4 protein chains.
Amino acid sequence: MTVEDRRRVKRLPRDVRERQILDAAVTVFSERGYHDASMDEISDVAGVSKPMIYAYLGSKEDLFAACIHREATRLLEAVAAGVRTELRPDMQLWHGLAAFFEYVGTHRESWQVIHRQSISQGGPYSEELLTMRRQAISLVDALLVRVATSEGLDDNATESLAAALVGAAESLADWWLDNPDVPSRVVASRLMNLVWMGFGGLVEGASWHPS
Amino acid sequence: MTVEDRRRVKRLPRDVRERQILDAAVTVFSERGYHDASMDEISDVAGVSKPMIYAYLGSKEDLFAACIHREATRLLEAVAAGVRTELRPDMQLWHGLAAFFEYVGTHRESWQVIHRQSISQGGPYSEELLTMRRQAISLVDALLVRVATSEGLDDNATESLAAALVGAAESLADWWLDNPDVPSRVVASRLMNLVWMGFGGLVEGASWHPS
Amino acid sequence: MTVEDRRRVKRLPRDVRERQILDAAVTVFSERGYHDASMDEISDVAGVSKPMIYAYLGSKEDLFAACIHREATRLLEAVAAGVRTELRPDMQLWHGLAAFFEYVGTHRESWQVIHRQSISQGGPYSEELLTMRRQAISLVDALLVRVATSEGLDDNATESLAAALVGAAESLADWWLDNPDVPSRVVASRLMNLVWMGFGGLVEGASWHPS
Amino acid sequence: MTVEDRRRVKRLPRDVRERQILDAAVTVFSERGYHDASMDEISDVAGVSKPMIYAYLGSKEDLFAACIHREATRLLEAVAAGVRTELRPDMQLWHGLAAFFEYVGTHRESWQVIHRQSISQGGPYSEELLTMRRQAISLVDALLVRVATSEGLDDNATESLAAALVGAAESLADWWLDNPDVPSRVVASRLMNLVWMGFGGLVEGASWHPS
DNA sequence: CATGAATGAGCGTTCATTCAT
DNA sequence: GATGAATGAACGCTCATTCAT
């Protein structure tokens with residue numbers, strides 16, 4: 001169904017329209033970033049007039065927050081689905097990473113709307129962004145805590161390592177966008193090896209493989 | 001303003017004015033982010049009229065690029081100064097990380113203007129940002145390549161690991177801003193242990209210390 | 001809303017709906033004024049959908065006119081009921097004033113929707129406002145004419161005095177809203193004394209009391 | 001100097017531009033009322049771009065307040081100049097009223113921008129309006145207090161009479177706008193007679209004349 | 001060298017009003 | 001009879017940028 005078709009169709013129920021609008025907003029925000037995206041373009045892409053957006057999703061900031069929320073939730077759920085606590089610790093981490101890169105590879109727009117934005121904490125519009133990022137770190141932190149229990153790593157330490165790990169994954173995902181020929185599994189595997197074996201280990205020829 | 005008054009105004013040489021302006025711009029950009037910073041505020045903080053800024057530094061985007069360039073160069077130089085190739089590989093990495101966190105801790109404004117910005121690659125204003133980030137990755141990559149030579153890690157692999165490492169450091173720096181009680185050395189040491197020993201090693205009780 | 005639900009909804013007769021809507025509109029207009037009142041809020045308060053308002057009462061301007069008409073008519077009727085021509089001239093005026101302040105005191109909403117609006121004659125929406133105000137002046141004028149017949153006050157003069165008197169009453173009503181402790185009768189009595197005895201008379205100790 | 005000429009003239013000093021803008025704003029506000037006046041039209045009439053208005057006078061509300069302040073101050077000063085305390089009480093009042101109608105007759109725009117607006121106290125934009133009106137009432141109150149000292153009229157009573165008198169004058173001014181053939185002095189004289197002799201006195205043939 | 005004055009262009013937001021069901 | 005869905009049109013406001021002095 002093309003945009004023109006959609007424009008001619010009238011009186012859709014609210015939730016359908018909301019989904020249309022959110023889809024359009026994700027597309028535009030991911031292409032242009034928050035500031036350079038205009039409500040006009042979003043309404044055009046959605047095939048809906050601007051007042052509908054305000055009626056259903058509120059202000060630009062609200063709309064952005066809704067996008068972030070939906071997309072980040074999907075990503076987090078994908079990752080959480082990979083991390084099954086009945087697995088061996090290293091396998092939990094591995095499946096989490098694999099799920100992350102799998103998701104990023106198959107949902108570029110989703111990833112971009114989440115990640116390619118300012119994280120200046122001053123700006124009010126990034127509240128949702130920070131919240132979701134904190135959730136991501138919490139998820140990883142919980143994983144690390146389970147793994148590292150009673151190993152002398154205090155809460156503070158595991159949280160910082162979780163933050164580092166999340167940052168590493170984000171940054172590697174970005175690198176991947178510029179080097180798309182590498183398969184998802186390979187990228188995940190590289191990060192897995194780095195964080196599990198350490199560079200020291202790698203240098204000495206050690207490596208980790210899913211067993 | 002009368003002619004007499006004007007005579008009393010300091011006619012500063014160009015490079016001094018440029019420094020004034022850049023300093024002000026760094027302050028404002030770091031506080032507000034690129035989009036929310038206004039040329040008016042920058043000119044106010046600099047104590048200079050707006051046309052001066054345009055005459056000396058060009059457009060807002062140019063000005064931002066100049067800020068990023070100056071501050072990122074300083075950071076990179078600080079890190080590069082830590083990484084001395086005559087050292088043992090692990091010590092090179094260690095001193096690089098230590099220098100990084102030391103710099104971030106003592107130059108918050110500088111760090112914020114570099115990092116707390118959108119990295120949406122669509123936007124033209126972030127050209128310099130991406131360039132400097134690529135330089136950072138190159139720097140780390142070179143280090144890793146020296147370390148890992150002939151270990152089966154190809155160029156592509158080390159570059160991706162370098163990207164991951166840079167991202168981990170950035171993210172950890174952010175975490176640190178929210179947890180400022182942890183000393184710089186401790187933060188650096190945590191990341192060093194993660195990337196050198198791997199989580200697997202840490203779990204088994206291994207750890208790395210500067211020797 | 002399913003078909004069953006719809007059947008359960010009350011299908012009220014037209015005049016009941018109109019009264020509902022007018023009541024709501026009076027409330028909202030009196031609170032917010034014409035411009036700041038939104039059709040959305042009115043329809044909310046009325047518990048009726050917007051298209052109903054348009055179907056029954058026409059445009060926003062029409063709706064406002066209907067409000068003004070209804071409320072001003074009630075006020076005028078209250079005052080006219082006080083002015084009984086079989087009374088002595090001064091008693092007519094007195095009872096008219098007393099009725100006015102009595103009405104204002106007991107129908108604040110009504111008074112506010114009538115009075116706290118722009119009277120800019122350019123605006124088309126105030127046609128009814130001006131009409132009703134002219135009626136008020138006519139009412140008073142008729143009273144003055146009866147009182148002052150053959151006293152050298154020509155038509156033009158009594159009409160202007162009627163306008164002055166109406167303005168005095170309006171303004172005093174406003175003052176009263178900010179000083180609600182004064183009883184209705186006292187306020188009316190003050191105005192009665194002013195316009196009957198004159199300030200010159202009051203200064204000399206004269207005063208008027210209902211006898 | 002026509003608008004076109006003005007538009008071609010460049011780089012006027014700030015205070016000149018501010019006066020131009022205020023003049024234009026008074027014209028437009030008086031014609032259309034606050035809400036129906038658009039900043040676009042004001043900037044057109046002023047021969048200035050909109051950003052200048054915001055730079056010099058602030059928001060629409062600020063601009064309106066500035067208009068009200070300037071015009072109401074002029075009116076109050078004109079009236080206050082008429083009321084000279086060395087005169088006999090009745091003559092003070094008379095000259096005040098005469099000055100009021102004289103001003104209204106010769107400055108219609110000024111009067112309309114002051115008076116033909118909503119006085120809904122809810123709206124934030126009318127703060128200045130209420131303030132100036134309170135000043136007017138205070139001015140009259142002071143006069144009445146001087147006149148009526150020790151006559152059994154308490155503060156509360158004189159203030160209410162002052163409010164009534166101000167309202168009567170406003171309303172009569174409005175009536176006058178629709179009946180412009182009556183000379184200013186005659187209008188003033190009618191109100192003077194009403195409030196000084198009272199209607200009771202007038203009916204009995206008494207009348208007040210400046211002696 | 002330096003600046004106050006000035007604006008084109010665009011954005012987020014709102015609201016009275018109407019259509020399709 | 002009644003309503004949720006939908007929009008055209010306009011408005012207040014801001015900002016990077018450039019003249020004229």
Side-chain angles (χ1 to χ4, degrees), chain A residues 7 9-14 16-17 35-43 47-56 58-63, chain B residues 1 3 5-7 9-14 17 35-43 47-56 58-63, chain C residues 1 3 5-7 9-14 17 35-43 48-56 58-63, chain D residues 7 9-14 16-17 35-43 47-56 58-61 63:
Chain A
R7 194 161 295 160
V9 174
K10 301 283 177 175
R11 317 286 143 170
L12 297 181
R14 176 171 182 145
V16 175
R17 281 284 192 235
H35 273 104
D36 293 343
S38 81
M39 296 299 270
D40 269 303
E41 184 176 358
I42 294 173
S43 75
V48 164
S49 70
K50 267 191 295 179
M52 288 260 68
I53 303 184
Y54 284 89
Y56 285 169
S59 70
K60 186 184 184 183
E61 199 182 317
D62 293 340
L63 177 59
Chain B
M1 184 189 261
V3 173
D5 285 336
R6 261 209 219 133
R7 273 205 196 104
V9 169
K10 279 196 239 148
R11 310 291 208 91
L12 295 177
R14 174 165 185 145
R17 280 278 193 240
H35 271 105
D36 292 344
S38 80
M39 296 299 270
D40 269 303
E41 183 175 359
I42 294 173
S43 75
V48 165
S49 72
K50 269 190 295 179
M52 286 263 66
I53 301 184
Y54 284 88
Y56 285 169
S59 70
K60 185 184 185 184
E61 199 183 316
D62 294 340
L63 176 59
Chain C
M1 183 189 261
V3 173
D5 286 337
R6 264 212 216 128
R7 275 208 193 103
V9 169
K10 279 196 237 147
R11 310 292 206 92
L12 297 177
R14 174 163 185 148
R17 281 276 192 242
H35 272 105
D36 292 343
S38 80
M39 295 299 271
D40 269 303
E41 184 174 0
I42 293 172
S43 75
V48 165
S49 71
K50 269 190 295 179
M52 287 262 67
I53 302 183
Y54 283 89
Y56 285 170
S59 70
K60 185 183 185 184
E61 199 182 317
D62 294 340
L63 177 58
Chain D
R7 194 162 293 159
V9 173
K10 302 282 178 176
R11 317 288 143 168
L12 297 181
R14 176 170 183 147
V16 175
R17 281 285 193 235
H35 272 105
D36 292 343
S38 82
M39 296 300 269
D40 270 304
E41 184 177 358
I42 293 173
S43 74
V48 164
S49 70
K50 264 191 297 179
M52 288 260 68
I53 302 184
Y54 285 90
Y56 286 169
S59 70
K60 186 184 185 183
E61 200 181 318
L63 177 59

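Letters A, B, ... are given to chains in the order of the sequence lines, protein chains preceding strands, and every chain is numbered from 1. The structure displayed is predicted, hence computed values, not measured ones. In what follows, every heavy atom counts, from backbone to side chain, and hydrogens, waters and symmetry copies are set aside.
Using a 4.0 Å heavy-atom distance criterion, D:M52 is classed as a base contact. Within 4.0 Å of C:R14, counting heavy atoms only, lies no atom of the nucleic acid at all.
The main-chain N or O of B:A37 is found under 3.5 Å from a side-chain atom of B:K60 such that the two form a donor-acceptor pair.
Each of D:M39 and C:V48 was matched to the nucleotide of DNA chain F holding its nearest heavy atom; the match closer to the 5' end belongs to C:V48. Each of D:A55 and A:K50 was matched to the nucleotide of DNA chain E holding its nearest heavy atom; the match closer to the 5' end belongs to D:A55. Take the nearest nucleotide of DNA chain E for B:Y56 and for A:S38: the residue whose nucleotide is more 5' is B:Y56. Both B:D40 and C:P13 lie close to DNA chain F; mapped to their nearest nucleotides by heavy-atom distance, the more 5′-ward contact belongs to C:P13.
The base-pairing partner of F:dA20, taking Watson-Crick or G-U wobble contacts with both distances under 3.5 Å, is E:dT3. With both pairing distances under 3.5 Å, E:dG8 is matched to F:dC15 as a Watson-Crick or G-U wobble pair.
One distance of note links CG of D:D36 with NE2 of C:H35; it measures 4.0 Å at 0.5 Å rounding. The structure places CG of B:D62 at 10.0 Å from OH of B:Y54, a figure rounded to the nearest 0.5 Å.
What separates CG of A:D36 from P of E:dG10 is a distance of 13 Å, to the nearest Å. In this structure, A:E41 places its CD atom 14 Å from P of E:dG10, rounding to the nearest Å. The CZ atom of A:R17 sits 12 Å away from the C1' atom of F:dG4 (whole-angstrom rounding). Rounded to a whole Å, the CD1 atom of C:I42 is 11 Å from the P atom of E:dT17. Taking atom CG of C:L12 as the reference point, atom P of F:dG1 lies 12 Å away to the nearest angstrom. When the C1' atom of E:dC15 is taken as reference, atom CD1 of C:I53 falls 13 Å away, rounded to whole Å.
Checked against F:dT3, F:dA16, E:dT17, the side chain of B:K60 finds its nearest nucleotide in F:dA16. Of the candidates E:dT13, E:dG8, E:dT18, E:dT13 carries the atom nearest the A:S59 side chain, counting heavy atoms from C-beta on.
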Practice problem: Verify side-chain contact (heavy atoms from CB on, under 4.5 Å) between B:I42 and B:K50, making sure each step is shown before the conclusion. | Solution: CA-CA 8 Å; B:I42 294 173; B:K50 269 190 295 179; over 6 Å; no
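A:Y54 has a side-chain polar atom (N or O) that falls below the 4.0 Å cut-off from OP1 or OP2 of E:dT13.
The two residues C:S49 and C:S43 make their nearest non-hydrogen contact at C-CB, 4.2 Å.
A donor and an acceptor atom never sit less than 3.5 Å apart when one is taken from the side chain of D:R11 and the other from the base of F:dA20.
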